[in-house]
Protein chains: 2
Amino acid sequence: MVKLTDVAAKAGCSVTTVSRVINNYGYISQKTRKKVHEAMRELNYQPNSVARSLQGKKTKLIGLIFPDVSNPFFGELVSKIEDQLFNHGYKTILCNAGSDTEKERTYLQMLMANQVDGIIAGAHNLGIEEYQRTGLPIVSFDRKLSDNIPIVSADNFKGGSLATQELYNHGARHIYFVGNPTLDGHPTQKRLLGYKETIKELQLTEHIHPVIFNETLALKEMAIKDLLENHKVDGIVASDDLTALLIMNISHELGIKIPKDLKIIGFDGSKVVRDFEPRLSTIVQPIPSIAQLLVKLLEKRIDNPTEKLDNYTYYLPVELLKRESSGN
Amino acid sequence: MVKLTDVAAKAGCSVTTVSRVINNYGYISQKTRKKVHEAMRELNYQPNSVARSLQGKKTKLIGLIFPDVSNPFFGELVSKIEDQLFNHGYKTILCNAGSDTEKERTYLQMLMANQVDGIIAGAHNLGIEEYQRTGLPIVSFDRKLSDNIPIVSADNFKGGSLATQELYNHGARHIYFVGNPTLDGHPTQKRLLGYKETIKELQLTEHIHPVIFNETLALKEMAIKDLLENHKVDGIVASDDLTALLIMNISHELGIKIPKDLKIIGFDGSKVVRDFEPRLSTIVQPIPSIAQLLVKLLEKRIDNPTEKLDNYTYYLPVELLKRESSGN
DNA sequence: TTGTAGGCGTTATCAA
DNA sequence: TTGATAACGCCTACAA
């Protein structure tokens with residue numbers, strides 16, 4: 001490993017000088033600057049960022065804590081965030097927490113130990129305190145952690161409302177909300193609230209059919225089959241696209257025609273789902289904007305950790321994508 | 001940030017002693033060991049891994065270079081790798097290289113500078129030399145980099161062959177290979193070879209219809225429409241599942257019945273595609289095994305960089321998943 | 001404009 | 001069984 005002293009020796013000057021030209025700091029004569037650059041090139045010198053970090057500089061490492069990139073929505077979101085971070089000179093440490101509290105806790109420890117410059121939190125098995133205790137700049141996706149941690153999310157409430165209205169507009173009157181019904185500040189909760197309010201406005205009856213997010217496929221299928229076979233339903237607002245796809249598949253199996261007999265709309269609108277299931281109507285989250293805002297806020301926090309923000313809650317607009325499954 | 005000296009002060013001993021109990025190294029009396037542990041707990045001490053790394057220890061950081069986690073296949077693969085790495089005590093630096101040579105090169109630099117312990121390379125815009133030059137332990141997914149870099153991949157040749165045979169068994173006689181036809185050692189190349197050989201064995205005529213991987217959706221759709229409208233085709237081996245899905249969708253639009261008029265089979269078999277498009281036949285890559293083997297090999301390289309392996313090429317068995325789209 | 005030297009938090013060597 | 005102290009590679013007062 002070639003180091004500063006090697007470059008200095010080669011260039012015939014002191015390490016200070018070399019350090020100065022690397023960091024563009026203080027006065028340097030053109031001549032020495034050039035000599036140093038040459039030496040660096042010849043030796044193929046690469047500053048050791050570990051040493052740099054130790055000395056007090058930033059690590060330029062950001063921890064990303066999300067449930068799982070094998071889910072297309074999180075895959076795309078993480079991908080966009082990684083790209084933004086890269087453009088800002090940061091490296092991404094990927095932490096798939098799943099629904100594993102212990103893993104998330106361990107990762108939090110590791111991120112502290114590794115002196116990451118900040119954290120983007122998108123998995124939420126852990127409570128506020130554990131995150132606070134890191135003392136690191138944090139921004140959160142889709143869930144409130146505490147008053148002084150900025151949270152970015154799509155306008156889930158509006159999305160739930162738009163989805164419900166869309167089904168109504170196409171004639172559905174027995175509209176179910178299908179998905180995770182948890183009340184713990186989970187993002188789908190707001191989607192459900194949007195659904196509920198719109199149902200009330202439309203003077204319909206609300207129906208909630210739970211399909212738990214981290215259950216097995218078979219259990220989900222069973223729950224959906226039960227819904228379709230034993231309930232009077234002509235419209236479904238799914239809590240997310242994957243659930244919507246499942247419902248479409250099972251409807252097909254059961255001979256239920258979409259959208260004739262049953263109208264359905266999903267939520268998330270990742271590019272993969274949009275491109276490869278063109279019949280599914282959905283509420284599209286603005287993934288690129290979410291990524292951009294998360295990174296922007298985090299960088300602001302890093303550069304100025306104590307500065308109060310004028311806003312700690314950001315709702316990004318969603319978009320209704322009308323397709324066949326909802327009656328178009 | 002509480003450090004070793006703080007713990008030492010609290011415990012009433014020297015930093016050496018504290019370091020010793022942390023690393024379980026040398027002789028320590030039970031009494032002091034206990035005192036130190038207490039002090040650590042009280043101060044909530046967390047070793048600084050940056051300092052540790054500088055001093056010569058491993059960073060326990062691994063760089064993952066892959067095209068893009070928003071693709072379900074890579075999303076799942078990266079997810080599994082991350083999990084394996086976590087279980088082995090490593091942190092994952094995620095590098096989505098896309099098809100961007102410059103970004104990949106920059107990431108390689110960063111990984112060197114960050115002193116990662118090793119690299120798992122799954123994107124391949126760059127040549128061998130750039131990877132060799134890092135001097136880091138490397139294992140590769142799905143593409144040969146050089147003689148002394150282990151490569152892990154699914155048995156793509158066998159997969160291409162199985163797929164072709166499956167369509168034939170269900171009556172297809174005009175079987176096309178649709179996808180990336182590049183000849184540069186890209187994994188789909190072997191799938192194509194498997195297709196070709198089987199076509200020959202079956203005494204059919206081979207047909208290759210290029211649909212370039214990183215073209216836009218619209219261009220891909222155009223190419224597929226052209227195929228379906230202007231060619232006599234009753235079977236398609238797609239180079240990957242997403243291409244297969246596209247073909248299924250366009251067939252639907254054009255009123256072509258699957259599998260009656262056209263049989264089709266994909267490649268990859270990520271969990272998302274398997275679970276949410278249950279009609280698609282496909283060749284399933286053993287993603288968890290691939291992840292496990294990659295990590296195992298990498299760790300071996302890290303622990304013993306000079307040791308020769310008895311094998312540098314690993315083909316993991318694929319599985320034919322028979323469903324409706326190929327005629328079942 | 002350049003160089004010397006001390007320190008970042010840990011580990012490792014050598015004495016005690 | 002314990003403790004000074006010198007590295008690790010870099011940055012940055014402070015001096016020259």
Side-chain angles (χ1 to χ4, degrees), chain A residues 1-40 43-61 109-117 135-136, chain B residues 1-40 43-61 89 109-117 135:
Chain A
M1 190 82 274
V2 24
K3 53 186 136 175
L4 221 45
T5 46
D6 301 326
V7 179
K10 184 110 193 166
C13 63
S14 76
V15 291
T16 318
T17 308
V18 179
S19 177
R20 280 202 182 104
V21 352
I22 288 172
N23 298 293
N24 246 323
Y25 163 85
Y27 299 103
I28 302 275
S29 75
Q30 279 311 317
K31 204 166 51 181
T32 36
R33 187 190 302 278
K34 199 172 161 188
K35 261 195 316 191
V36 170
H37 273 135
E38 269 167 21
M40 295 203 306
L43 297 173
N44 191 20
Y45 171 72
Q46 182 76 38
N48 179 330
S49 68
V50 172
R52 273 189 164 170
S53 304
L54 179 57
Q55 179 285 151
K57 281 256 184 301
K58 306 287 183 193
T59 55
K60 287 292 177 180
L61 243 26
Q109 300 261 72
M110 284 179 164
L111 294 178
M112 286 174 63
N114 266 87
Q115 314 285 97
V116 299
D117 291 345
L136 289 167
Chain B
M1 191 82 271
V2 24
K3 55 186 133 172
L4 222 47
T5 46
D6 301 326
V7 179
K10 184 109 192 168
C13 63
S14 76
V15 290
T16 315
T17 308
V18 179
S19 178
R20 279 202 183 105
V21 351
I22 288 173
N23 297 293
N24 247 322
Y25 163 85
Y27 299 104
I28 302 276
S29 75
Q30 279 311 317
K31 204 165 53 179
T32 37
R33 186 190 301 279
K34 198 171 162 192
K35 260 196 313 188
V36 170
H37 274 135
E38 269 168 21
M40 294 205 307
L43 297 173
N44 191 20
Y45 170 71
Q46 181 77 39
N48 179 330
S49 68
V50 172
R52 274 189 163 168
S53 304
L54 178 57
Q55 186 284 156
K57 280 262 187 297
K58 306 285 182 193
T59 55
K60 288 293 179 178
L61 245 23
Q109 300 262 73
M110 284 179 165
L111 294 178
M112 286 173 64
N114 267 87
Q115 314 283 99
V116 298
D117 292 345

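For clarity, every value in this text was computed on a predicted model and none was experimentally measured.
Heavy atoms of B/Ser53 sit nowhere under 4.0 angstrom from any nucleic acid atom. Within 4.0 Å of B/Leu4, counting heavy atoms only, lies at least one base atom of the nucleic acid. Heavy atoms of A/Thr32 sit under 4.0 angstrom from primed sugar atoms or phosphate atoms, though from no base atom.
Rounded to 10°, the helix from C/dT1-D/dA16 to C/dA16-D/dT1 has 40° between the axis fitted to its first five pairs and the one fitted to its last five.
A heavy-atom distance below 4.5 Å is found between the side chains of B/Asn114 and A/Leu61. Proximity of A/Asn48 to B/Gln115: side-chain heavy atoms (C-beta onward) are separated by under 4.5 Å at one or more points. Under the 4.5 Å side-chain criterion, counting only non-hydrogen atoms from C-beta, A/Arg52 is in contact with A/Pro47. Using a 4.5 Å heavy-atom cutoff, the side chains of B/Met40 and B/Ile22 are in contact. Using a 4.5 Å heavy-atom threshold, the side chains of B/Glu38 and B/Lys34 count as touching.
What you find for A/Lys60 and A/Asp117 is that their closest heavy atoms are N-OD2, 2.7 Å.
One can place CG of A/Asn114 at 14 Å from C1' of C/dT10, the figure rounded to the nearest angstrom. The NZ atom of B/Lys3 sits 3 Å away from the P atom of C/dG9 (whole-angstrom rounding). Distance, A/Leu54 CG to C/dC8 C1': 4 Å, rounded to whole Å.
Listed in residue order, the members of residues 7-20 of chain B having a heavy atom less than 4.0 Å from DNA chain C are B/Thr16, B/Ser19, B/Arg20. Residues of residues 21-31 of chain A that place a heavy atom closer than 4.0 Å to DNA chain C, in numerical order, are A/Tyr27, A/Ile28, A/Ser29.
The nucleotide range of DNA chain D contacted by chain B, defined by atoms under 4.0 angstrom from heavy atoms of the protein and reported 5' to 3', is D/dT1 to D/dG9.
Checking side-chain atoms of B/Ser19 against main-chain N and O of B/Val15 turns up no donor-acceptor pair under 3.5 Å.
The one candidate from B/Val7, B/Val18, B/Val21 that meets the side-chain contact (heavy atoms from CB on, under 4.5 Å) condition with B/Cys13 is B/Val18.
Here A/Lys10 pairs with A/Glu42 under the salt bridge (Lys or Arg N to Asp or Glu O under 4.0 Å) rule; sequence neighbours left out. Every residue two or more places apart in sequence or in another chain was checked for a salt bridge (Lys or Arg N to Asp or Glu O under 4.0 Å) with B/Lys3, and none qualifies.
Side-chain contact, A/Ser14 with A/Thr17: a donor N or O sits under 3.5 Å from an acceptor N or O.
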